[in-house]
Protein chains: 2
Amino acid sequence: MDEETTVEALTRLGLTTYEARVFVALQRLGTGTASDVAEITAVPRSQVYGAAEDLQARGLLDVQQTRPTVYRPVSPEEAERRLLSQLESVGRDAFGYLADVRGSVENDEERSEAIWTIRGRANVRDRVIDLIDGADDRIVYGTPRPELLEDEVLAVLTEAADAGVDAAVVSDEPSVLESVPADGPVRVVPQPADRQPEVSTARVLLVDSDTLLMSVVSAAVGDDDQEVAFWSAGTAFATVLVTLSEELIELDR
Amino acid sequence: MDEETTVEALTRLGLTTYEARVFVALQRLGTGTASDVAEITAVPRSQVYGAAEDLQARGLLDVQQTRPTVYRPVSPEEAERRLLSQLESVGRDAFGYLADVRGSVENDEERSEAIWTIRGRANVRDRVIDLIDGADDRIVYGTPRPELLEDEVLAVLTEAADAGVDAAVVSDEPSVLESVPADGPVRVVPQPADRQPEVSTARVLLVDSDTLLMSVVSAAVGDDDQEVAFWSAGTAFATVLVTLSEELIELDR
DNA sequence: TCGTGCTGTTAGTATATCGGTCACAACAGA
DNA sequence: TCTGTTGTGACCGATATACTAACAGCACGA
């Protein structure tokens, strides 16, 4: 992470480019005047004053009212706390309102048989966790890649298993099975190596008899792998797919 | 909190106005097509597609690849978690870098005798907490207004007192003193009502023998009160001011 | 006392992002 | 085949913001 990237990150947290640059420069300086700041970063001296005023209003720096004015940034840890807690409180209000109005518009169209798609590994993982959370009866989680049995997933699996749900991890890859604690409540089900359900499947998740998620990783897009998943719950589709998947997996209870 | 405010809040969390409107509309709908969304919110139908794509990339909605395409937002709680954790990780990187480069530029100018000013009540409160955290020996915190003895401040006072620091709250206002638990480690020191140190003082904080913060509330600016504070630490100024303040306060140990 | 350089403020320009409109081809159902 | 809807892309204009320039105090020294 270099300075430019840091400035960009700070703008994503709500600062303007000038504010971010001034703040970073002041961190490097410890304390400094507008001229000091303008010297070591690409902000015109005359613009430092306005940016600093804004930063002061956000609680990110203190001001020494002398001539010349001297600025003193709060510590990075302090700044992180303040910025994030400001954003959190903004978020609390907004999402509270959303929870209120949720589903407030009638939607005559009955969208049954829905199959939803998700892009991005983190997003897929979050949906997996969501679906596991809703399990009543049993869960089957399969992947040939150890990195796709994330800690968070394993945690909710364990949690569900502790709550009485039959939870199993299946794989043809020993390293995946080994990452599940042997003495824990989550079962492991090895698969024969020649029995690949789908060639490029990244994850399979079955929950109860009517919920399924399946993902693939396409190496094509951009630099890094792009995981794409689809899922369905409470639909006939899902039920059929779950049954199908079960047949492909040797599930010795 | 109405819809417009919510949209604004979401933009502060990094969404564009269109993205925010689409997301809010989908919460109200449950699920919906681009046309559904365009109907109940001020986003041209043609622009819904792009906004939804972006929201999908952020993990805020799933997509049903049918014709017409149907969108399904994640729950508000889920969305809040994802947005904030995205921002947090952005922040972690940035502030990690800042902690590295901190003070990396030599600053020959010795800025001793610094007195720093702070604007905004929350910012003042944070600095108060910061200074209390650094106490070794004793803390005196005075205010005539019960709302300026915030819970967070009382908490760190108690924490410090538990750690062996002599912590005292002084006030001429009984309601302030009553908000300090009588059986707790923080002492209370009543002041005679006629003994106002400074007419409009909002807070006084003394830490050890060389740190002081003092704030006033000016009713002039804008609609709400604007608290302004100054503080100094480790300076001769501070030492003198601490001594001065002590004389104005009847500190019977 | 009169420069000279620095400080802080303000007006002003340029540009890029984003909100908003329009046109159109692909598609589905009648 | 006709018609309304869908999804895509080009286009425009306004606003925010990065950036420039000019200038009036103030400090300090010749």
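Residue numbers begin at 1 in each chain, while the letters A, B, ... track the order of the sequences.
- Here the straight-line distance linking atom OH of Y49(A) with atom OH of Y71(A) works out to 6.5 Å at 0.5 Å rounding.
- To the nearest 0.5 Å, atom CG of residue L60(A) and atom OG of residue S75(A) are 10.5 Å apart.
- Atom OH of Y71(A) and atom P of dG8(C) are 6 Å apart (whole Å).
- At a non-hydrogen distance threshold of 4.0 Å, R45(B), S46(B), Y49(B) from residues 40-58 of chain B come into contact with DNA chain D.
- A donor-acceptor distance shorter than 3.5 angstrom exists from the side chain of S215(A) to the backbone of R203(A), with no hydrogens or angles considered.
- Between R145(A) and E227(A) there is no salt bridge, since no side-chain N of the basic residue sits under 4.0 Å from a carboxylate O of the acidic one.
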Polar atom pairs between nucleotides 27-30 of chain C and protein, under 3.5 Å, N or O only, would you list them?
none

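- Y97(A) places a side-chain N or O within 3.5 Å of a backbone atom of E3(B) that can act as its donor or acceptor partner.
- Interface limits on DNA chain D: the 5'-most and 3'-most nucleotides within less than 4.0 Å of chain A heavy atoms are dA18(D) to dC26(D).
- Between M214(B) and F230(B), the closest side-chain pair of non-hydrogen atoms falls below 4.5 Å.
- Side-chain N or O atoms of R21(A) include one that pairs as donor or acceptor with a backbone N or O of A42(A) at under 3.5 Å.
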For this session: Check the pair V70(A) / W116(B) against side chain to side chain contact (heavy atoms under 4.5 Å, CB included), numbers first and verdict last.
Result: CA-CA 9 Å; V70(A) 180; W116(B) 306 99; 3.9 Å; yes

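- A search for salt bridge (charged side-chain N to carboxylate O under 4.0 Å, His left out) contacts involving R82(A) returns E78(A), D126(B), not counting sequence neighbours.
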Output side-chain donor-acceptor pairs under 3.5 Å for residues 5-18 of chain A, partner residues at least two apart or in another chain, one line each.
from, atom 1, to, atom 2, distance (Å)
T5(A), OG1, D2(A), OD1, 2.2
T6(A), OG1, D2(A), O, 2.8
T11(A), OG1, E8(A), O, 2.5
T16(A), OG1, E19(A), N, 3.3

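- Within residues 2-18 of chain A, the residues approached by DNA chain D to less than 4.0 Å at the level of any non-hydrogen atom are T16(A), T17(A), Y18(A), in residue-number order.
- At distances below 3.5 Å, not a single donor-acceptor pair connects side-chain atoms of D36(B) with backbone N or O atoms of T31(B).
- In this structure, T33(B) OG1 and R45(B) CZ are separated by 9.0 Å, a value rounded to the nearest 0.5 Å.
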